[in-house]
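Just so it is clear, the values below take in all heavy atoms, side chains as well, and ignore hydrogens, waters and symmetry mates.
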Amino acid sequence: MDSEQAPVIECLKYSKRVMLKTILRRSDGGVGLIGQRVVIGGWVKSSREIRLIQPVTPHSVPAQEVVSTKDVTCSEVLQSRIPLLRSIMKVFGAGEYRVREKINVVCQPQPSVSILQVSDGSCVASLQVLVESALATPCQVMATGTCLLIEGMLQQPSLQGKHIIELHTEKILHLGLVDQSNYPLSKKRLPLESLRDCSHFRPRTTTVASIMQIHNALTWATHRFFQDQGFLHVQLPILTSTDSEGFSEKFVVTTLLNKGKNYDQISSTENAVVSVEAIRASIKEKYKKVEELNRTNSNKEALFAAQQDLKKTQELVSQLETRQKANSGVTIETRKFDFTKDFFARQTHLTVSGRLHLESQACGLGNVYSFGPRFQAVKSESKKSLAETWMVDVEMAFSELEDAMECAIDFLKFVCKRISEGCMEDLQFILKRIDKKVMERLQLTLSSSFERISYAEAIEVLRHAAGKRFQGKIEFGVSLTEEHESYLVDEIYKKPVIIYNHPKGLGPFYVHLNDDGMTVATFDVVLPKVGTVIRGSQSEERFNMLSSRMEELGLQKQQYEWYLDLRRHGSVKTSGFSLMLEPLVLYATGLNDVKDVVPFPRSFGRANN
């Protein structure tokens with residue numbers, strides 16, 4: 001028995017196939033697996049066909065039609081096709097020829113080999129696959145986007161190129177064909193903006209697949225960090241009647257629209273007004289995009305897709321304007337909801353933050369965290385704004401502001417290290433195609449100490465910025481903008497910055513009031529390129545102070561009785577923070593728009609798929 005055994009290729013348990021990363025991410029690139037038979041599945045990234053040279057031979061003639069056992073000659077073929085020539089041949093004594101009733105001379109289709117680059121999304125690299133024409137019918141063109149499940153043998157490349165291994169197909173187990181005239185993806189790279197209109201196909205591109213791999217790594221690292229630190233994961237409600245952050249733009253949840261004959265009209269009118277405003281603004285951008293693609297003439301598929309998108313958008317505006325005119329007699333002011341007759345018997349909305357509910361869990365379980373969707377109905381077209389975002393909410397009992405800041409720093413360093421170590425192939429692809437500084441930023445987060453400055457100190461630094469003019473006044477009490485944050489982290493400190501102790505008017509009602517009576521125990525973690533990714537605070541544990549703050553802001557206490565109970569019965573100091581996941585993905589990928597780092601983005605004026 002051979003001392004060296006063939007390496008075992010691990011198959012997926014529930015689909016009986018081998019992931020391509022199992023082959024291509026080996027240290028030898030898969031060379032050690034040559035000679036192994038595998039089943040792989042994926043989608044064709046690109047394809048080309050090579051015609052094989054083979055002499056044309058006639059089909060065999062049926063037995064009942066054969067009169068002579070001789071091979072068919074050119075002379076016989078000519079005589080069978082041209083009777084006059086046969087008569088002349090007889091006159092000159094060419095010999096008796098016994099005519100066949102039928103001779104078929106049919107050329108067989110020229111054999112070919114399709115050379116495919118197949119990807120299954122598990123890694124950046126694709127596997128070269130060879131498929132002989134005999135394995136597929138002539139109508140089955142394996143163009144870009146074709147889905148394949150094939151069995152074959154791993155071999156050394158038969159053609160010169162960058163690949164060091166290829167798969168020779170023996171069986172096609174599944175073949176999902178593509179309607180090439182309507183398939184939005186082409187061989188050439190499409191702009192990310194174009195891909196937003198076909199979110200269901202985006203994962204088939206290498207760029208989006210790499211983004212999703214990093215997104216997944218961040219999610220996994222988040223759970224790993226908090227589990228390793230002894231935190232308990234709890235689920236929080238998406239539907240709530242409590243306003244935790246003071247936002248006025250919330251998504252109201254109601255069933256009353258189905259109970260009055262005029263509510264549908266009112267809703268349609270309001271939506272039409274909002275949609276028309278958003279879509280009119282987007283038409284200008286779409287028109288500029290068409291002009292740019294038309295001018296460069298570099299990608300006909302992208303130009304056609306952009307033209308169709310512009311046309312559909314213009315038609316949509318026309319339809320909404322018509323509907324708006326038809327419902328012009330119904331005013332928004334006539335809408336009056338009696339929420340006592342609603343499903344929950346009170347006004348309910350989609351949650352903006354989970355901190356209040358999470359605090360109740362921390363008051364009995366200790367250190368807890370939650371990972372889930374949060375919603376804001378902010379009518380913004382900012383590249384960093386989404387209506388539906390995913391947040392990590394963290395709350396720690398017997399904890400103060402300094403503890404929360406330390407936890408936030410440790411968390412960011414942990415996830416950046418995990419990405420650097422576990423997503424190297426995807427980061428190398430991003431380094432080459434998207435952002436050459438992505439690795440530098442991750443290393444900066446790992447190696448540097450975060451600069452900690454108070455809000456008052458930040459204002460002073462910005463006031464004395466030499467040769468720099470900011471939009472708006474810089475004075476105590478104003479909210480720092482992206483421009484301010486960018487200047488602090490990119491120009492002044494050149495590393496991550498924590499800004500703490502904001503003015504009382506900028507913090508939520510539940511945060512701890514500092515001894516100066518002017519500031520509250522809050523902090524923001526600001527990273528280069530993306531700005532604020534974490535907002536944290538220490539909660540107000542004193543009942544009287546919390547109650548006074550609620551009265552000052554005009555909040556209805558009956559909605560918060562359950563929260564006040566936490567101060568009436570066994571109050572404890574707690575602190576925590578909320579991490580916005582999408583900006584962190586931007587930080588790790590170098591992209592500029594959050595709509596490109598989530599599978600199905602929901603933003604102002606857009607809710608595709």
Side-chain angles (χ1 to χ4, degrees), residues 9-25 30 36-51 109 111-155 163 165-190 192 194-213 216 299-302 304-305 308 599-600 608-609:
I9 306 178
E10 184 179 354
C11 291
L12 291 173
K13 183 177 180 180
Y14 303 111
S15 63
K16 306 297 187 295
R17 65 181 175 91
V18 175
M19 295 178 71
L20 294 186
K21 70 176 183 180
T22 307
I23 301 171
L24 301 175
R25 280 188 179 173
Q36 295 266 17
R37 181 173 282 101
V38 296
V39 174
I40 65 104
W43 289 264
V44 176
K45 304 279 288 186
S46 65
S47 63
R48 59 191 178 99
E49 191 175 20
I50 296 180
R51 298 285 180 180
S112 63
V113 174
S114 294
I115 302 176
L116 314 175
Q117 306 303 322
V118 177
S119 172
D120 65 359
S122 64
C123 58
V124 172
S126 57
L127 178 66
Q128 182 163 285
V129 177
L130 272 59
V131 182
E132 295 183 2
S133 56
L135 295 176
T137 62
C139 65
Q140 293 174 328
V141 179
M142 285 171 278
T144 300
T146 301
C147 180
L148 290 168
L149 182 66
I150 53 181
E151 180 181 338
M153 187 79 72
L154 293 170
Q155 301 286 1
H163 296 276
I165 190 173
E166 65 186 19
L167 182 69
H168 291 197
T169 304
E170 297 175 349
K171 295 179 183 178
I172 298 179
L173 306 177
H174 171 78
L175 185 62
L177 300 178
V178 170
D179 181 358
Q180 298 182 58
S181 60
N182 293 318
Y183 188 60
L185 304 183
S186 64
K187 296 179 183 178
K188 296 181 180 179
R189 284 179 284 171
L190 291 173
L192 289 173
S194 300
L195 294 174
R196 293 172 196 162
D197 294 324
C198 53
S199 300
H200 49 302
F201 285 130
R202 288 198 301 179
R204 298 187 187 183
T205 65
T206 306
T207 299
V208 175
S210 291
I211 294 169
M212 290 300 106
Q213 292 286 351
N216 172 73
N299 194 324
K300 294 182 179 179
E301 293 88 350
F304 177 76
Q308 292 299 309
F600 299 98
N608 298 343
N609 304 89

Next item on the list: Look at the side chain of Arg37 and the backbone N and O of Glu151, then say whether any donor-acceptor pair between them is shorter than 3.5 Å.
Entry: no
Note to self: Within the 4.5 Å heavy-atom criterion, are Cys11 and Val39 side-chain neighbours or not?
What the structure shows: no
Item checked: Under 3.5 Å side-chain donor-acceptor pair for His168 and Glu170 -> no
Check: Stepwise, does the side-chain contact (heavy atoms from CB on, under 4.5 Å) test hold for Gln155 with Leu130?
Finding: CA-CA 10 Å; Gln155 301 286 1; Leu130 272 59; over 6 Å; no
Next item on the list: Drop me the distance from Leu154's CG to Gln36's CD, to the nearest 0.5 angstrom.
Entry: 7.5 Å
Note to self: How close do Met19 and Ser122 get, counting heavy atoms only, and between which atoms?
What the structure shows: CE-CB, 3.4 Å
Next item on the list: Locate the shortest heavy-atom distance separating His174 from Gly176; write the atom from each residue and the value.
Entry: NE2-N, 3.7 Å
Notebook entry, point to check: How far does OG1 of Thr169 sit from CD1 of Ile150, to the nearest 0.5 angstrom?
Noted result: 3.5 Å
Margin query: For a quick test of reading the model, state the closest non-hydrogen atom pair linking Pro599 to Ser199 and the distance between them.
Written below: O-CB, 3.6 Å
Check: Any side-chain heavy-atom pair from Met212 and Arg202 closer than 4.5 angstrom?
Finding: no
Check: Could you state the interatomic distance from CD1 (Ile9) to CD1 (Ile23), rounded to the nearest 0.5 Å?
Finding: 5.5 Å
Item checked: Nearest heavy-atom neighbours spanning Ser114 and Met142 -> OG-CE, 4.2 Å
Check: Roughly how far apart are Cys123 SG and Gln213 CD, rounded to 0.5 Å?
Finding: 8.5 Å
Checklist line | Of Arg204, Arg17, Lys21, Lys45, the residue whose pairing with Asp120 passes salt bridge (charged side-chain N to carboxylate O under 4.0 Å, His left out) | finding: Arg17
Next item on the list: Enter the distance from Ser112:OG to Glu49:CD here, rounded to the nearest 0.5 Å.
Entry: 3.5 Å
Margin query: For the OG atom of Ser133 and the CD1 atom of Ile50, what is their distance to the nearest 0.5 Å?
Written below: 12.0 Å
Checklist line | Flag side-chain contact, heavy atom, 4.5 Å: Val124 against Thr206 | finding: yes
Next item on the list: Please examine the side chains of Leu12 and Glu10, heavy atoms only from C-beta on, and report whether any two atoms are closer than 4.5 Å.
Entry: no
Next item on the list: Of all the heavy-atom pairs spanning Gly145 and Trp43, show the shortest one and how long it is.
Entry: O-CD1, 3.5 Å
Next item on the list: Grab the two heavy atoms, one from Leu185 and one from Phe201, that are nearest each other, plus how far apart they are.
Entry: CD1-O, 3.6 Å
Check: Are side-chain heavy atoms of Leu148 and Ile40 found at a separation under 4.5 Å?
Finding: no
